[in-house]
Amino acid sequence: MKIATVLRHVQFEDLGSLQSVLEGAGYTVAYRNVGDDDFLSFDPLAPDLLVVLGGPIGVYEEVVYPFLGSEKALIAQRLAGNKPTLGICLGAQLIAAALGARVFPSGVKEIGFAPLSLTTAGLAGPLRHLDGVSVLHWHGDTYELPAGAEHLASSALVQQQAFALGKTILGLQFHAEVDALSGFERWLVGHAHELASAGIDIPALRRDAERHGGALVEASTRLFREWLAALESP
């Protein structure tokens, strides 16, 4: 049985639709939750897959959240070993930082459902399944493209939305994993202050989740299945 270790920073920002894809691909999922004693107490090279999930903090806030330094160091060790690693939102930013790229405030709050603009490389790989699909954006930070990485996607507001290093390392700035038809209300309550501060129309966001959620789950399931299958190929 393969092990997928999942670093979770906010309880309701979980694997979403990715959970069933991982289990269907033969992975046992093991969450590590920020604040728990065992959050980073494992061999970074041991899991068959490391998934780093999102959270409402900045990679650069180590003074306020000291664990970020240790988390980046752990991710850097894994990346140096070219071990399969998937980062989502904060997770993608942590991967970028671990690769030496700058992570910084974008100057905009990109929150809501909107389509991506895929690069040629994005259209040639698993992200092509998201072409024309509205994905969930929920961030205020961005990153510089890490050295040697392929730029895969942009949005109307933020250029850097996805990158890959080979077939083993994938960073997604947006939330492809969210199941917006199940448990999305937890996001709206958990991020109530951020939504209010950003002036987001919550009823409209809820309606968009209902409108786009089904298509997003279907497309992201195909994306994740294809990416995981490629990890098994020679």
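Every heavy atom of this structure was used, including side-chain atoms; hydrogens, water molecules and symmetry mates were not.
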Decide yes or no on side-chain contact (heavy atoms from CB on, under 4.5 Å) for E210 and F184, but give the supporting numbers first. CA-CA 9 Å; E210 295 170 354; F184 190 63; over 6 Å; no
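- Going from atom CG of L50 over to atom CG of L45 covers 10.5 Å, rounded to the nearest 0.5 Å.
- With contacts defined as side-chain heavy-atom distances shorter than 4.5 Å, the pair P126/R225 does not qualify.
- Note: L86 CG to I88 CD1 = 4.5 Å, rounded to the nearest 0.5 Å.
- Cluster membership check: L170 shares its hydrophobic cluster with V21, using side-chain heavy-atom separations under 4.5 Å among Ile, Leu, Val, Met, Phe, Trp and Tyr.
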Going through the distances and angles, do L49 and K2 end up as a side-chain contact (heavy atoms from CB on, under 4.5 Å)? CA-CA 8 Å; L49 173 65; K2 295 171 290 188; over 6 Å; no
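- No donor-acceptor pair under 3.5 Å is formed between the side chain of H191 and the backbone N or O of H193.
- Under the 4.5 Å side-chain heavy-atom criterion for Ile, Leu, Val, Met, Phe, Trp and Tyr, V6 and F224 are members of the same hydrophobic cluster.
- In this structure the side chain of L216 reaches within 4.5 angstrom of the side chain of V135, judged on heavy atoms.
- Closest heavy-atom contact between E13 and G55: OE1-N, 3.6 Å.
- The closest side-chain heavy-atom distance from Q173 to Y143 is below 4.5 Å.
- S155 and Q161 share a donor-acceptor pair across their side chains, judged by distance under 3.5 Å alone.
- Between the S106 side chain and the G140 main chain, a donor and an acceptor come within less than 3.5 Å of each other.
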E177 and S220: CA distance, side-chain angles, deciding distance, side-chain contact (heavy atoms from CB on, under 4.5 Å) verdict: CA-CA 7 Å; E177 87 292 356; S220 63; over 6 Å; no
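- No side-chain heavy atom of E232 sits under 4.5 Å from any side-chain heavy atom of L228.
- With hydrogens and angles disregarded, a donor-acceptor distance shorter than 3.5 Å links the side chain of Y31 to the backbone of L15.
- The shortest heavy-atom contact between H9 and V52 is CE1-CG1, 3.8 Å.
- Between V158 and H137, every side-chain heavy-atom pair lies at or beyond the 4.5 Å cut-off.
- Using a 4.5 Å heavy-atom threshold, the side chains of L205 and W138 count as touching.
- For the atom pair CZ (F104) and CG (D141), the distance works out to 9.0 Å, reported to the nearest 0.5 Å.
- A heavy-atom distance below 4.5 Å is not found between the side chains of H129 and W227.
- Note: W187 CH2 to F12 CZ = 7.0 Å, rounded to the nearest 0.5 Å.
- Nearest heavy atoms, D14 versus R8: CB-NH1, 3.8 Å.
- Put simply, the side chain of R78 gets close to the backbone of P44: a donor and an acceptor are under 3.5 Å apart.
- Here the rule is side-chain contact (heavy atoms from CB on, under 4.5 Å) with I95, and of I75, V59, V103 only I75 fits it.
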side-chain contact (heavy atoms from CB on, under 4.5 Å) between L40 and L7, worked out: CA-CA 8 Å; L40 300 175; L7 301 183; 4.2 Å; yes
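- Hydrophobic clustering, with ILVMFWY side chains joined whenever heavy atoms are under 4.5 angstrom apart, keeps L136 apart from L90.
- The two atoms that bring T85 and K83 nearest to each other are OG1-O, 2.8 Å, heavy atoms only.
- Side chains of K167 and S233 form a contact here, defined as non-hydrogen atoms less than 4.5 Å apart.
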For salt bridge (charged side-chain N to carboxylate O under 4.0 Å, His left out), just list the numbers for R128 and D131, CA-CA rounded to whole Å, side-chain angles, deciding distance to a tenth of an Å, and then say yes or no. CA-CA 5 Å; R128 72 184 185 281; D131 191 24; over 6 Å; no
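- Criterion: ILVMFWY side-chain heavy atoms under 4.5 Å apart, direct or through other members. Under it, I200 and F174 are part of a common hydrophobic cluster.
- In this structure, CG on L165 lies 8.5 Å from CG on N82, to the nearest 0.5 angstrom.
- Rounding to the nearest 0.5 angstrom, the gap separating the CD atom in Q159 from the CG atom in L145 is 8.5 Å.
- Of the candidates I169, L99, L79, L99 is the only one forming a side-chain contact (heavy atoms from CB on, under 4.5 Å) with P146.
- Between A219 and L130, the closest heavy-atom pair is CB-CD2, 3.8 Å.
- In terms of heavy atoms, Y27 sits closest to D48 at CE2-CB, 4.0 Å.
- The number of heavy atoms from other shown groups lying within 6.0 Å of CD (E144) is above 12.
- Each of V178 and L181 belongs to its own hydrophobic cluster when Ile, Leu, Val, Met, Phe, Trp and Tyr are linked at side-chain heavy-atom distances under 4.5 angstrom.
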